[in-house]
**Student:** 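This is the structure I have questions about; it appears just below.
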Protein chains: 2
Amino acid sequence: MARPTLISLAKELGVSRQTVSNVINAPHLVKTSTRERVREHIERSGYRPSAAARALRTNRTKIVGMRMSPVLDGINGSVMDRYLHAATEALEERGYHPVLVTASGEQEELAALTGLYETGLVDAAMLAYTSPLDSRPAELRRIGMPFVAFGRPWGELDAPHPWVDIDNAIGVEEGTRLLRERGHTRIGFIGSSDFSMIDRDRREGWLRGMKGVDENLAELDMCVPEGIEHGFRAMRILRDRGATAAACGTDSLALGALSVLYESPVEGFHPAESIVGFDDSPVAAALGFSSVIQPVEEVAPLLVSQLISELEDDVEPCDRRVVLPSVLRARVGPGLPVRLRS
Amino acid sequence: MARPTLISLAKELGVSRQTVSNVINAPHLVKTSTRERVREHIERSGYRPSAAARALRTNRTKIVGMRMSPVLDGINGSVMDRYLHAATEALEERGYHPVLVTASGEQEELAALTGLYETGLVDAAMLAYTSPLDSRPAELRRIGMPFVAFGRPWGELDAPHPWVDIDNAIGVEEGTRLLRERGHTRIGFIGSSDFSMIDRDRREGWLRGMKGVDENLAELDMCVPEGIEHGFRAMRILRDRGATAAACGTDSLALGALSVLYESPVEGFHPAESIVGFDDSPVAAALGFSSVIQPVEEVAPLLVSQLISELEDDVEPCDRRVVLPSVLRARVGPGLPVRLRS
DNA sequence: GAATTTACCTTGAACCTTCACATTCCGGTA
DNA sequence: TACCGGAATGTGAAGGTTCAAGGTAAATTC
């Protein structure tokens with residue numbers, strides 16, 4: 001048997017199709033007795049409104065486009081995974097769904113998202129990984145496609161679109177202070193040149209954490225490409241400059257750095273307790289070093305709220321610019337030590 | 001100005017809307033000169049067919065549902081990420097798009113997917129993580145929802161739906177042989193109890209690789225929960241039983257096991273060269289141990305081909321049951337040694 | 001008792017495309 | 001001239017929903 005439609009239901013019930021529609025979309029317009037009768041019949045028939053017909057009429061699909069970014073690094077990579085999961089969940093909670101898109105760059109992403117928007121397949125987009133020269137917000141604004149962004153608009157902080165970002169600095173600052181509390185004074189920073197703005201933010205946290213320490217910070221500040229080996233090399237240099245600890249921009253870098261400390265331990269300090277990483281990967285947990293957590297599970301629902309208040313009328317408004325703090329996951333040893341073979 | 005439609009375009013061009021439609025969907029029906037004229041106008045006007053209207057008429061959205069599984073473990077987790085990315089890409093190539101769904105269990109996943117199907121939002125589903133007591137295939141079949149599965153239907157290997165799976169055994173077998181070539185004879189296996197069927201498959205590879213070795217395999221065979229610490233504990237037991245090497249069911253387990261070998265090195269064997277992991281995570285690369293790779297980038301396009309031949313007529317048929325080999329990524333030291341602090 | 005309001009329900013149109021069929025046009029053949 | 005067949009193009013309908021405007025009967029007001 002064919003799937004029931006508004007019309008077939010209405011005929012069976014002896015009411016008009018609009019009444020059935022009202023029972024679903026505007027129940028207060030229908031007398032209670034009728035409403036219940038219709039409801040029950042809908043239930044029994046297993047009727048589900050046709051998404052296509054609804055979309056055609058309302059010009060809304062309740063689908064939003066998101067770019068699935070390629071896997072960068074399996075160590076820190078799970079953050080984006082967590083975010084994607086949280087976003088999907090938050091969207092579902094509000095009756096929306098994410099459609100995924102791949103792209104090899106910003107322009108390709110833009111093309112993919114606007115393409116979906118122009119065919120009416122999606123209502124909006126959720127961006128991530130904002131950067132200073134990000135052309136996406138302006139372009140989307142130009143064509144009138146609604147969107148929100150995970151990450152502040154570095155180029156123009158007063159951009160009109162809603163966004164949620166994480167204050168990377170605060171967690172690193174916390175981490176740096178922890179290292180100081182543990183007795184370190186020459187604490188280096190190993191940042192990743194691959195994430196320009198985010199890295200600057202994290203470095204800022206280290207600088208704040210080092211406030212009042214009488215050291216030459218410039219020579220303790222490293223900027224290297226992402227990767228375990230680079231962390232290793234950077235920490236060797238820092239070690240030679242007398243550093244006994246380091247805050248790192250990623251857990252990969254931290255892993256490399258940690259191995260240097262196991263290679264040439266510093267009297268009185270446990271290696272795992274002399275390193276702070278970022279993104280709290282399972283590796284950090286296993287090796288027992290502290291790491292900074294990004295609360296992406298909180299970011300996603302906020303973004304979705306913002307998005308929906310862009311899309312729908314009469315929803316309670318929400319903050320259009322939110323910065324959430326990162327937090328330190330402090331660990332005390334023991335853990336799994338690492339040392340690079342010489 | 002309003003978005004152009006078939007009708008508005010047709011009016012401007014002085015042809016019927018069907019002709020414009022034909023230019024898009026069945027160009028061979030339209031005379032070349034007309035076709036070009038229409039094409040050019042379409043181009044200029046920026047016309048994009050309405051997905052909703054098309055879906056309403058054809059009863060197809062070219063969207064497929066997929067479950068976004070929660071992040072299990074950041075070390076091996078990137079495999080599912082890679083798969084998701086590859087699947088998205090493969091779908092896009094054929095004009096399809098993935099919609100994500102979250103679920104806390106199989107039943108919830110089923111409810112989510114069939115829900116989408118019943119409203120006509122998706123045409124089909126792509127399943128992953130099949131298991132012996134998997135109720136999903138039967139249920140989807142019952143309601144007539146098309147789908148394909150990443151993972152063989154363990155319960156009924158001759159199930160009628162198409163699937164692609166990876167032969168986990170072969171890579172582990174290869175790894176085990178590598179360890180033998182390097183001179184090991186007492187080679188343990190540390191499997192993860194969290195992935196029942198997959199684990200059995202990987203263990204099978206180890207058994208095959210050990211063929212002809214005169215050892216008591218039962219006492220070399222460990223089954224523990226997933227996680228670095230469990231790998232560590234298992235390897236300690238294996239070491240005490242005289243094992244000098246191990247093939248592991250996951251890289252997390254391998255990491256833990258490796259650390260035991262650094263803790264108590266075996267004369268003549270390099271620790272990193274005595275461990276084989278699974279899923280070739282960045283950790284394996286950094287620490288320099290060999291690991292088995294799942295070719296998910298090949299799985300995804302195959303699945304998509306299968307799916308499309310389920311959905312569309314007149315597409316060249318393709319194999320409905322495919323098993324791809326996993327392959328060993330063999331590494332020789334040096335790498336980053338690990339040792340668990342005692 | 002007539003006029004007005006209210007509550008509830010129905011009708012017609014629109015959304016934009018594609019399907020199935022109808023029509024026109026053309027050169028070629030009987 | 002009449003007819004035919006095939007290619008190119010046009011027409012009507014359908015698909016399921018929502019919006020806007022209408023209708024009907026009961027309840028209220030004067």
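Since the model is a prediction, treat every value here as computed from it, not as a measurement.
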**Student:** At 4.0 Å (heavy atoms only), tell me whether A/N59 reaches a base, stays on the sugar-phosphate, or touches nothing.
**Tutor:** nothing

**Student:** When you measure from the side chain of A/L6, which nucleotide among D/dT9, C/dC9, D/dT18 comes out closest?
**Tutor:** D/dT18

**Student:** Examine the side chains of B/S305 and B/R94 and answer whether a donor and an acceptor come within less than 3.5 Å of each other.
**Tutor:** yes

**Student:** Side chains of A/H41 and A/R44 only: does a donor on one sit below 3.5 Å from an acceptor on the other?
**Tutor:** yes

**Student:** Starting from P on C/dG12, measure out to CD1 on A/I7 and report it in whole angstrom.
**Tutor:** 12 Å

**Student:** Rounded off to whole Å, could you give me the CZ-to-P distance for the A/R60 and C/dC15 pair?
**Tutor:** 17 Å

**Student:** Rounded to whole Å, please give me the gap between CZ in B/R37 and P in D/dA8.
**Tutor:** 15 Å

**Student:** Side chain of B/R35, backbone of B/P27: donor and acceptor closer than 3.5 Å?
**Tutor:** yes

**Student:** For B/K11 and D/dT11, give me the distance from atom NZ to atom C1', rounded to whole Å.
**Tutor:** 15 Å

**Student:** If you check every side-chain atom of A/Q18, which of D/dG10, C/dT11, D/dG16 has the closest atom?
**Tutor:** C/dT11

**Student:** Return the 5'-most residue of the pair B/R35, B/A52 with respect to DNA chain D, ranking by each residue's nearest nucleotide.
**Tutor:** B/R35

**Student:** Taking only side-chain N and O atoms of B/S16, does any of them lie within less than 4.0 angstrom of OP1 or OP2 on D/dT11?
**Tutor:** no

**Student:** Name the closest nucleotide to the A/R57 side chain, picking from D/dT9, C/dG12, C/dA14.
**Tutor:** C/dA14

**Student:** In whole Å, what is the span from the NZ atom of B/K62 to the P atom of C/dT18?
**Tutor:** 11 Å

**Student:** Without swapping roles, check the side chain of A/T130 against the backbone of A/R152 for a donor-acceptor pair under 3.5 Å.
**Tutor:** yes

**Student:** For DNA chain D, whose closest nucleotide is more 5', that of B/H28 or that of A/P4?
**Tutor:** B/H28

**Student:** Could you please name the option among D/dA13, D/dG10, D/dG16 that lies closest to any side-chain atom of A/S50?
**Tutor:** D/dG16

**Student:** When you get a sec, tell me which of D/dT9, D/dG10, C/dT18 is the closest nucleotide to the side chain of B/V15?
**Tutor:** D/dG10

**Student:** Record whether the side chain of B/R54 comes under 3.5 Å of the base of C/dT17 through a donor-acceptor pair of N or O atoms.
**Tutor:** no

**Student:** Distance check needed: C/dT17 P versus B/I24 CD1, whole Å only.
**Tutor:** 8 Å

**Student:** Is there a side-chain contact between A/N25 and the phosphate of D/dT18, meaning an N or O under 4.0 Å from OP1 or OP2?
**Tutor:** yes

**Student:** For the residue pair A/Q107 / A/S135, report whether a side-chain donor-acceptor contact shorter than 3.5 Å exists.
**Tutor:** yes

**Student:** The side chain of B/T19 lies closest to which of these nucleotides: D/dG10, C/dC8, C/dT10?
**Tutor:** D/dG10

**Student:** Tell me whether the OP1 or OP2 atom of C/dC15 has a side-chain N or O from B/T5 closer than 4.0 Å.
**Tutor:** no

**Student:** Suppose we call a contact any N or O donor and acceptor under 3.5 Å apart; does that hold for the side chain of B/R17 and the base of D/dG12?
**Tutor:** yes

**Student:** What's the spacing between A/E36 CD and A/K31 NZ if we round to 0.5 Å?
**Tutor:** 13.0 Å

**Student:** Roughly how many Å is it from CG in A/L29 to C1' in C/dC9, rounded to a whole number?
**Tutor:** 10 Å

**Student:** Rounded to the Å, how far apart are B/N22 CG and D/dA7 P?
**Tutor:** 15 Å

